[in-house]
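Okay, structure first, notes after.
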Amino acid sequence: MAINHIVIFGFKPEATPEAIKQCCNEMLGLKDQCVLSSTGKPYITASKGGKDISIEGLQNGFTHIFVVEFASDADRDFYVKEDKIHHAFVAKWISSPEAIAAKAMVVDFAPGSF
């Protein structure tokens, strides 16, 4: 069953446009850099993202959104729990004291599963 992994960022006010662009480019680059240890091949089936353009005013400080698609729960679980490339991205941009993300939200869903 396919899994959609939604990642939403809100950046610190002092984050430069260049740093935000680099973070976003690296987020999208995970599709090609993250590989399964068992096969050495990329396992993210699709990745897209962009800056919020909603006119509804319900963003709550979140400005950039990404949709990462996995073919299975197992691939998503590997990404979250084991993938060292993903862990390094999180450490650099989200969890370190120098990170430019002020907040992040992650939600996953299986299309059509309610």
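Note that this is a predicted model, so its numbers are computed, not measured.
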Determine whether Leu30 and Ile85 satisfy the following criterion, side-chain contact (heavy atoms from CB on, under 4.5 Å), listing intermediate values before the conclusion. CA-CA 8 Å; Leu30 293 174; Ile85 299 295; 3.7 Å; yes
What about Ile8 and Val107, same hydrophobic cluster or not, with Ile/Leu/Val/Met/Phe/Trp/Tyr joined at side-chain heavy-atom distances under 4.5 Å? yes
Taking the six-membered ring of Phe62 (Phe, Tyr or Trp), confirm whether the NZ or CZ of Lys103 is under 6.0 Å from its centre and within 45° of its axis. yes
If the plane angle is over 60° it's perpendicular, under 30° parallel, otherwise tilted; pick one for His5 and Phe70. perpendicular
Just how far is it from atom CG of Asn60 to atom OG1 of Thr63, taken to the nearest 0.5 Å? 12.0 Å
Is any side-chain heavy atom of Pro111 closer than 4.5 Å to one of Asn4? yes
Shortest non-hydrogen contact from Gly49 to Leu28? N-CD2, 3.8 Å
Tell me which pairs pass salt bridge (charged side-chain N to carboxylate O under 4.0 Å, His left out) where either residue lies in residues 28-56, with sequence neighbours left out. none
Dump the intermediate steps for side-chain contact (heavy atoms from CB on, under 4.5 Å) on Phe9 and Ile20, then the final yes or no. CA-CA 10 Å; Phe9 294 129; Ile20 292 170; over 6 Å; no
Just by modelled atom types, is the Ala91 backbone N or O under 3.5 Å from a matching donor or acceptor in the Ser96 side chain? yes
Can you tell me if His64 uses its side chain to pair, donor with acceptor, with the backbone of Phe11 under 3.5 Å? no
Quick check: is Ile65 connected to Val80 through a chain of hydrophobic side chains (ILVMFWY, heavy atoms under 4.5 Å apart)? no
What about Met105 and Val67, same hydrophobic cluster or not, with Ile/Leu/Val/Met/Phe/Trp/Tyr joined at side-chain heavy-atom distances under 4.5 Å? yes
Are Val35 and Tyr79 grouped together when hydrophobic residues (ILVMFWY) are joined by side-chain heavy atoms under 4.5 angstrom apart? no
So does Ser54 get a backbone contact from the side chain of Gln59, meaning a donor-acceptor N/O pair under 3.5 Å? yes
Mind checking the OG-CE spacing from Ser113 to Met1? Nearest 0.5 Å is all I need. 5.5 Å
Just how far is it from atom OG of Ser38 to atom CZ of Phe78, taken to the nearest 0.5 Å? 7.5 Å
Rounded to the nearest 0.5 angstrom, the CZ-OG distance for Phe66 and Ser47 is 7.5 Å
What pairs of residues pass the salt bridge (charged side-chain N to carboxylate O under 4.0 Å, His left out) test when at least one of them lies in residues 6-20, not counting sequence neighbours? none
Euclidean distance, Asp83 CG relative to Leu36 CG, rounded to 0.5 Å: 8.0 Å
Regarding Lys92 and Glu26, does a basic nitrogen lie under 4.0 Å from an acidic carboxylate oxygen? yes
Which value, rounded to the nearest 0.5 Å, describes the distance between Asp108 atom CG and Ile6 atom CD1? 8.0 Å
Looking only at heavy atoms, what is the nearest atom pair of Ser72 and Asp75, with distance? OG-N, 3.1 Å
Evaluate the side-chain proximity of Ile100 to Cys23: yes if any heavy-atom separation is below 4.5 Å, no if none is. yes
